[in-house]
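What follows is a single structure, written as C-alpha cells, with notes after it.
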Amino acid sequence: MTKQLAQYLVVLALSPLLLGVVNRVKAFFAGRRGPPLPQLYFDLYKLLHKTPVYSRTTTRVFRAGPVAALACLLTALAIAPFGGRPSFFAFDGDFILLVYLLGMARFATVIAALDTGSSFEGMGASREVQFAVFAEPAFFLALAALAKTTGAMSVSGIFGALTPAVWTTAAPVLALVTAALFLVFLAENSRVPADDPNTHLELTMIHEVMVLDHSGPELAFILYGASLKLWLLGSFIACSVLPRHSGSWLTDAGLFTAAMFAIAVVVGVVESIMARLRMSKVPYMLITALAFSALALIFQVGR
Amino acid sequence: MVLLLLSFVILLVSAALSLCFRRSPARASAAGVYGAVAASVAGLVSAGRILLSGGTETLSLPWPVPLGSLSFNLDPLAAFFLVPVFLLTAFAAIYGSDYLKSYAGKKPLALAWAAFNLLTAAMVLVITSANAVLFMLGWELMAAASFLLVVFEHEKAQVRKAAFLYLVVGAAGALFLLLLFSLLSPSSPSFDFSTFRRPEGVLAAAAFLAALAGFGLKAGFIPFHVWLPEAHPAAPSHVSAVMSGVMIKLGIYGIMRMLSFLAPWPAWWGWTLVFIGAVSGLLGVLFALSQHDLKRMLAYSSIENVGIIILGLGLAVVGTSHGMYPLAALAFGGALLHVLNHALFKGLLFMGAGAVLHSTGTTELEALGGLAKKMPQTAFYFLVGSAAISGLPPFNGLVSEFLIYLGSFGALRAREASTVYAAALAIGSLSAIGALALACFSKAFGTCFLGEPRSANAAGAHEAGQAMRAAMAALAWACCFIGLASPLLVAPLAAAAGCVLDPRAASELLRYAPLPLSYLSAAAAAFLGAALAVALLRAFALRGRVPAAGPTWDCGYAAPTAKMQYGASSFAQPLTDFFQPALRAARHYAGIAGYFPGKTSFHTENKALFYDNFYTPAAAYIRRLAFRFSWLQQGRLQFYILYIVTALIALLIWKL
C-alpha cells in the first residue's frame, strides 16, 4: 500500500517535468537555451495565485469543467501502470474505466469550451471529439491485443505479465501495439503531428483553443491535467517497451521513470523534425493506429 | 402476483375514470396521474420481490377464448423488464401532469391519459402473459394505445404521416409474430409458453428470423428502424420518453423470451445479432449526430442504444454456443442492465427536450442556445443524462457497457478464432459508439444550453414546472445511484439471465461480475471525492478574491454575435463529412458571388436512407401487386359476406 501511494505521489510530482524535458529538447534542436526544466511548476504556482476572468456568457459549466477534468485524471492515475507494479485500482477491466475517465475529462473540457459561445473554442471542441472517435477504438484494440498476448485482464496484470520472454515470442505483436499506442499518445496529448501546442492564434489548433478563455486556477488545473495525461498515456508505452522486472521496487521505479523521460525526449525530437499534419489527415493517422492494433490482434490470434 | 394484478386493475380503472371525467381536464389528468403512480408502486413492490427472491409466480384464470388461456407468468426476466416500465411510466405521468397543462381545453386530455395508462397496462400484459394469444392481444393493445398518443397533435401533417407509418409498421410486425407462433405450433402442444418446444431443423431458423423481424420492428434496430425517428418525436414528450425508454424494449424482451424457447442456439444466430447490433449502434449514433432537431436526435440515439443491447445479446448467444459461459453471462447481464439504464437516461433526456420545447416552442438546435441561464435545473439534469448516455463515470451507462466490454475482453482468451473476432468486433464498435455518443451529446447539450441564445424564442425561455423538474431529478438521481451501487444489481441480473441462458452460464455472472463492479463503484465514488477535493482547492485559491467578468475573449474579436457561435451542424461537420459515404446528407448551398456578396443560404437535409432506398420501392411494389387483385374489392357488403361463406365452406370441405 505504501509503495502504491509512493508511486502515485511520484507521478503527481514528476509529471510536470515531462513537459519541461519536451520543451528543452525542442529548444536544443532550434539552437535555443529554452525555458528552465521546472517552468511548468512556476507557471502553476503563479496561476494559482491569479484572479480569474469569467466571460459573462459562461455559466457554472465553464468553472466546473477544469475541476471535473482534473478529477478524472487524478482517478485514472490510480489505474495507470507503473513499471509492471500493481496500482491502487487493479481489477479485471480497469482499463475500460480508465478510457472512459479520459472520455469524461474530454466531455468536461468540451462543454466548458462550448460554454463560452466562442466560435474558436467551438472549433477546437468539434475537432477534439472527432479525433477521439478514431483514437478510442485504436487504444481499445491495442489493449485487446495486449490482453490476448498476456492473458491478463487488468493494467497491472498485463504489464506484470509482460516479460522479456513475451517479447522474444511475440515481438511483431508488441511492436505493432507500441506503435499504435504511440500514435494515440501523440494525438490524445495534442502533440505534433496531430496538433501543435505552440500555436495559440490559428484555426488549426485543437486542445489549446478549447482553453482560450480559461484563466487563473482553472488554467492551472488544465495545464496540470495535461501533464498528467501525458504521463498517463506515456506510461503504457514505457511499460510495453520495458518488460524487464527486477525484484526491487526502487530499481523498477527508477527504470520506469527513466523510460518516461526517454519518451519525453522522443516527443521533443518528433516535434522538432516533423511538421504538423493537415487537419483533415489526422483521422488517417489514427486509422493507421487502429489498423496496427487490429493487425496485432490478428497476429496474436493466428500465432 | 396479487399486487401486480392490483396494479393492472388500477391502470384500467384509472383509464376508464379519465374518460369519465372528459369534461374536466384537471380531474381527468388527476385520475391518470394518480392511477399511474399508484399502479407503479404496487407493481414495483411485486416485481422487486420476485427479483430479490429469484422465484417465479404464475396465475391462470378461466378464459373462453379458443387456443388462448388467461395465464400469467412473473419470472425474474419479466420482473426485470417490469421495473423500468413502472419506474418510467410513473415519472412520465408526473412530468406529463405539468407538460399537458398547456393543452387543456384545446386537446382531449382525458383520452390522452386513458391511452397513457392503457399503454402501461398493455406493456404489463405483454411482459407477464404466458400464452401466445394473450401476448398478441397485449401486443396489439400496446400498438393501438401508443398510436392514439402519437396522433395527439394530429393537426400537423407530419404527425399524421408519422402515425400512419407507425400503424403500418406495427401491423407488419404483428404479422411476423403470427408467423413466428404458427412456426412454433407444430412442435408445441398448445399456445402456452410453458409448452413451447424448439421446432426441428430449418423451422427453428425460420422461427428465429421471424422473431427477429417481428420484434425488431418494435425494437427499432437497423434495418427495422424507419418508423422510430418519425413517431417518437411526434408524440408528446413524456410519451416519447415512455416509447423510447421502455416500449421499444419490449421488442428486446420478445427476442429474449423467444430465444429461451429456441435453445440450443447455433453460432450464426449470435453472429447475426452481433452484426445487427454493431451496425445499428454505429449507424444509429452517426444518424443522431447529423440531426439538428433535439427530439429526432434522441430518437436516433435510441436506435444506437438498442444496437448496444442487441450486440450484448448476440455475444451471449455466440458465447453460449461456443461454451464460453463467462462471455455469455457478462454480455447478457450487460444487455439486460442497458435496458434499464437506457430507460432511465433516455426518459430523462426526452423529458429535458420536452422542457425545452415547452419553454421555447422549438427543438431545432440551431435556434436554441444559452438555456442554462434561463433553466439551470433542467440544464443540470440534461447534463447528467448526456454524460450517462455517453457511458461516462460516475453514471449508469458505463456499468452496462462495462459488463459487455468485460465479457468481450475475457473472451479474447477463447481458443476458437471466431469467438475472439466476435469479441474484438464488439470492443471496437462499442468504443467507437461511445466516442460518437460523446460527440453527439456534447453537441446537443452545448448548442441547446450553452453559449448565447440564437433566437428570440430561446432568449425568452423559462424554467420548467415543478412536477417536470421533480420527475427529471428523480431519474437523474437514479442514473447516479446505479453508477455508484452497481454491485447490488448483480443478483437480480443473474436471476433474470437464468430465465434465458443455460443455468451454467447464468451462475457465471455471480462469479465474475461483483468484484469488478465493486471496484467500478468505488472508482466512481473516488472520482466524486477527487472532484470535491479539486473544487475545495479552487475555492481555497480564490479565497478573498472576486473574479472579474468580461465578454468572451474569442482572440480579441470585438463585436461577437450569437450567430457566430459554433452551431449544431458546424460542430458535427468534421464527423459528418468524414462519414458522408454512410450518411449521404444532401446539401443545398446557394454560394456567394461578386465582390459584395449579398444574402446566401445553406442547409443540409438528412435523407432517411433505408426509407427512401428500400422501404419506398418495396411499398410501391406491394401496392402494384395489390392493385392486380383490386377486382376482389367491390366495396359491397354482399360480396364480402359471400367471400366469408365461401371460405368457411372451403375450410369445412378441406377438414372433411
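We name chains A, B, ... by the order of the sequence lines, and we start the count at 1 in each one. We use all heavy atoms of the structure for the numbers below, so side chains are in, but hydrogens, waters and symmetry mates are not.
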F571(B) versus chain A, heavy atoms under 4.5 Å apart: side chain, backbone, both or neither? both
Using non-hydrogen atoms only, which part of Y284(A) is less than 4.5 Å away from chain B: side chain, backbone, both, or neither? side chain
Min side-chain heavy-atom separation S119(A)-Q565(B) under 4.5 Å: no
For L290(A), is it the side chain, the backbone, both or neither that has a heavy atom under 4.5 Å from a heavy atom of chain B? neither
Does the side chain of L383(B) come within less than 4.5 Å of I111(A)'s, by heavy atoms? yes
May I ask you to test the F107(A)-S386(B) pair for a side-chain heavy-atom distance under 4.5 Å? yes
Under 6.0 Å between ring centres, would you say that holds for F95(A) and Y405(B)? no
Please check if atom NZ in K374(B) has more than 12 non-hydrogen atoms from other residues, nucleotides or ligands closer than 6.0 Å. yes
Using a 4.5 angstrom heavy-atom cutoff, name the option from E401(B), R538(B), M564(B), E452(B) with the most pairs to chain A. R538(B)
Less than 4.5 Å to any heavy atom of chain B: does that hold for the side chain of F62(A), its backbone, both, or neither? neither
The interface call for A522(B) against chain A, heavy-atom contacts under 4.5 Å, is both
Would you indicate whether R545(B), at its atom CZ, is surrounded by more than 12 heavy atoms from other residues, nucleotides or ligands within a distance under 6.0 Å? yes
Contacting moiety of D213(A), where chain B heavy atoms sit under 4.5 Å: side chain
Name the region of V61(A), side chain, backbone, both or neither, that has any atom closer than 4.5 Å to a heavy atom of chain B. side chain
Tell me, side chain or backbone of L532(B) under 4.5 Å from chain A's heavy atoms, or both, or neither? neither
Let me know if Q300(A) has heavy atoms under 4.5 Å from chain B in its side chain, its backbone, both or neither. neither
Please rank F402(B), F380(B), F441(B) by heavy-atom pairs under 4.5 Å with chain A and give me the top one. F402(B)
Please flag which part of L406(B) lies under 4.5 Å from any non-hydrogen atom of chain A: side chain, backbone, both or neither. both
Top of A432(B), G550(B), A549(B), S570(B) for chain A proximity - count of heavy-atom pairs under 4.5 angstrom: G550(B)
For the pair F140(A) and F409(B), name the ring-plane relationship: parallel under 30°, tilted 30 to 60°, perpendicular over 60°. tilted
Against chain B, label A90(A) side chain, backbone, both or neither, depending on which of its atoms sit under 4.5 Å from a heavy atom there. backbone
Taking every non-hydrogen pair under 4.5 Å, which of A523(B), S408(B), G410(B) racks up the most with chain A? A523(B)
Looking only at L520(B), T447(B), L515(B), the option with the highest number of non-hydrogen pairs under 4.5 Å against chain A is L520(B)
Within residues 52-59 of chain A, which residues come under 4.5 Å of chain B, heavy atom to heavy atom? P52(A), V53(A), Y54(A), S55(A), R56(A), T57(A), T58(A), T59(A)
Under 3.5 Å: donor-acceptor pair, side chain of T552(B), backbone of T116(A): yes
Greatest number of non-hydrogen atom pairs under 4.5 angstrom with chain A, of P516(B), A379(B), A572(B), G446(B), falls to P516(B)
Measure distances from F449(B) to the heavy atoms of chain A and classify the residue's part below 4.5 Å as side chain, backbone, both or neither. neither
Using heavy-atom distances under 4.5 Å, tell me whether F540(B) contacts chain A through its side chain, its backbone, both, or neither. neither
